[in-house]
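Data first, discussion second: the structure below is written as C-alpha cells.
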Amino acid sequence: SLTENFISVGQKRWVPMEVSTLLNEALGMAGLINQTRVETRLDYSEGLSQVYGNPVLLRESLTNIFSNAIEAVEENGLITIAAFQDDGAVVVRISDNGVGIPQEMREHLFEPFHSSKPQGTGVGLFAAKHILEMHHGSVEIESEEGQGTTVTVKLPAVLAQNGAEDSSDTLPQGQLQ
C-alpha cells in the first residue's frame with residue numbers, strides 16, 4: 001500500500017538538507033529547469049536554515065507540487081518559487097498564474113484519487129501532504145479560478161548548534177502522524 005511504501009522509505013536515514021539544493025533537485029525532476037514553455041522565478045532568502053528529513057521523500061513531495069504548477073500554467077506563464085525563514089520554519093511558497101482551482105475541487109485537493117486532470121491519478125497532492133506531515137510540516141493551498149494558485153509549504157528549521165535544542169533530536173524516524 002501507499003502508506004507502507006511511505007513507512008519503508010521513511011525509515012531510511014534522515015539527514016539535514018540545504019533547502020535550496022532540495023528545491024533545485026525537485027525543480028529538475030519536475031522539468032522546470034532548462035525549459036522555455038514557462039518562466040520560472042526563484043527567490044531564495046540568504047542564510048536559510050536546513051531542514052531535517054528523508055531527501056527522497058521531500059524531493060518527491062515538492063516535485064508533485066511543482067508538476068501541478070507546470071500543468072496549470074499556459075505557454076509563457078509564470079511560476080515563482082520563494083523560500084524564506086519564518087518563526088522556526090522554512091517556508092516555500094510556489095505561486096503560478098495558471099487556471100486556478102475550481103471552488104468545488106478545493107475541498108477535495110488532498111483526498112486520494114480526486115483529480116481534475118484527464119490523465120491524473122489523484123495521488124500527487126495526497127502523497128505530498130502525507131510526506132510533509134511525516135516531516136512535521138504542512139501544506140496549504142490558496143487558489144482563485146482564472147487567477148492562479150499559491151501553495152505554501154512549511155517545514156521545521158534545523159536549529160543552529162549554539163546551545164539551542166536541535167530539532168533533529170525531536171523528529172521520529174519513519175513514523176506517519
Side-chain angles (χ1 to χ4, degrees), residues 15-103 105-106 108-110 115-160:
V15 296
M17 293 169 278
E18 295 294 333
V19 174
S20 60
T21 302
L22 182 66
L23 291 172
N24 290 338
E25 289 172 352
L27 287 167
M29 290 174 63
L32 270 169
I33 306 264
N34 297 326
Q35 56 77 40
T36 57
R37 194 179 77 78
V38 300
E39 180 182 350
T40 305
R41 291 187 189 154
L42 306 180
D43 181 17
Y44 304 163
S45 294
E46 292 290 323
L48 282 174
S49 292
Q50 294 180 321
V51 295
Y52 186 76
N54 182 297
V56 173
L57 289 178
L58 286 175
R59 263 193 311 270
E60 179 68 25
S61 177
L62 292 166
T63 299
N64 286 341
I65 294 168
F66 294 155
S67 294
N68 282 344
I70 294 167
E71 292 172 12
V73 174
E74 302 286 329
E75 179 110 14
N76 299 317
L78 174 65
I79 298 172
T80 302
I81 297 127
F84 55 93
Q85 202 89 14
D86 184 42
D87 195 28
V90 173
V91 179
V92 178
R93 188 162 290 140
I94 303 104
S95 299
D96 68 60
N97 64 353
V99 296
I101 302 166
Q103 178 66 41
M105 291 296 299
R106 288 185 214 150
H108 302 290
L109 286 176
F110 298 110
S115 180
S116 61
K117 299 178 270 187
Q119 304 299 321
T121 62
V123 296
L125 287 177
F126 170 75
K129 181 177 191 278
H130 283 278
I131 290 167
L132 292 165
E133 288 175 350
M134 180 195 312
H135 288 81
H136 296 263
S138 64
V139 59
E140 295 176 4
I141 298 179
E142 297 173 37
S143 187
E144 189 69 40
E145 198 167 359
Q147 301 296 309
T149 301
T150 297
V151 179
T152 302
V153 171
K154 292 183 181 179
L155 288 165
V158 173
L159 302 177

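These numbers come from the heavy atoms of this one structure, side chains and all, not from hydrogens, waters or symmetry mates.
Judged by distance alone, with hydrogens and angles left aside, the side-chain atoms of Asp43 form no donor-acceptor pair with the main-chain N or O of Ala82 at under 3.5 Å. A donor-acceptor contact shorter than 3.5 Å is absent between the side chain of Ser49 and the backbone of Ala157. Remark: the backbone N or O of Leu57 is not paired with any side-chain donor or acceptor of Ser61 at under 3.5 angstrom.
Residues Gln50 and Glu18 are in side-chain contact: their nearest non-hydrogen atoms beyond the backbone lie under 4.5 Å apart. At a threshold of 4.5 Å between non-hydrogen side-chain atoms, the residues Asn24 and Leu42 count as touching. Val99 has its side chain within reach of Glu74: a pair of non-hydrogen atoms, C-beta onward, lies under 4.5 Å apart. Between Ile94 and Thr149 there is no side-chain heavy-atom pair separated by less than 4.5 Å. Put simply, the side chain of Val73 reaches to within 4.5 Å of the side chain of Asn97, judged on heavy atoms. Residues Tyr44 and Ile81 have side chains in contact (heavy-atom distance under 4.5 Å, counting atoms from C-beta outward). With contacts defined as side-chain heavy-atom distances shorter than 4.5 Å, the pair Lys129/Glu133 qualifies. Between Asn68 and Val151 the shortest side-chain heavy-atom distance does not fall below 4.5 Å.
Leu132 contributes atom CG, which lies 5.5 Å from atom CD1 of Ile65 (distance to the nearest 0.5 angstrom). Summarising the geometry, atom CD belonging to Glu25 is positioned 10.5 Å from atom CG belonging to Leu62; distances are rounded to the nearest 0.5 Å. Going from atom OG of Ser67 over to atom CD of Glu60 covers 8.5 Å, rounded to the nearest 0.5 Å. Residue Leu23 holds its CG atom at 10.5 Å from CE of Met17, rounded to the nearest 0.5 Å. Between atom CG of residue Asp96 and atom OG1 of residue Thr80 there is a gap of 9.0 Å, rounded to the nearest 0.5 Å.
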- request: Given side-chain contact (heavy atoms from CB on, under 4.5 Å), test Arg93 with Phe84 step by step and report yes or no.
  value: CA-CA 9 Å; Arg93 188 162 290 140; Phe84 55 93; 3.6 Å; yes
- request: Step by step, work out the side-chain contact (heavy atoms from CB on, under 4.5 Å) result for Leu32 and Val38.
  value: CA-CA 8 Å; Leu32 270 169; Val38 300; 3.9 Å; yes
task: Starting from the C-alpha separation in whole Å, work towards a yes-or-no answer on side-chain contact (heavy atoms from CB on, under 4.5 Å) for Leu125 and Asn64.
output: CA-CA 7 Å; Leu125 287 177; Asn64 286 341; 5.8 Å; no
message: Could you go through Asn54 and His135, starting from their C-alpha distance and side-chain angles, then the distance that decides it, and tell me whether this counts as side-chain contact (heavy atoms from CB on, under 4.5 Å)?
response: CA-CA 8 Å; Asn54 182 297; His135 288 81; 3.9 Å; yes
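Side chain to side chain, Ser45 and Gln85 fail the donor-acceptor criterion of an N or O pair below 3.5 Å.
Scanning all heavy atoms of the two residues, the minimum distance from Pro16 to Tyr52 falls at N-CD1, 3.6 Å. Nearest heavy atoms, Ala83 versus Val19: CB-CG1, 4.4 Å. Nearest heavy atoms, Thr150 versus Ser95: OG1-OG, 3.1 Å.
Counting heavy atoms of neighbouring residues, nucleotides and ligands inside a 6.0 Å radius, atom CD of Glu39 exceeds 12 of them. Within 6.0 Å of CD in Glu145 there are more than 12 heavy atoms belonging to other residues, nucleotides or ligands. At most 12 non-hydrogen atoms from other residues, nucleotides or ligands lie less than 6.0 angstrom from CG of Asp87. Other residues, nucleotides and ligands place no more than 12 heavy atoms under 6.0 Å from the CD atom of Glu46.
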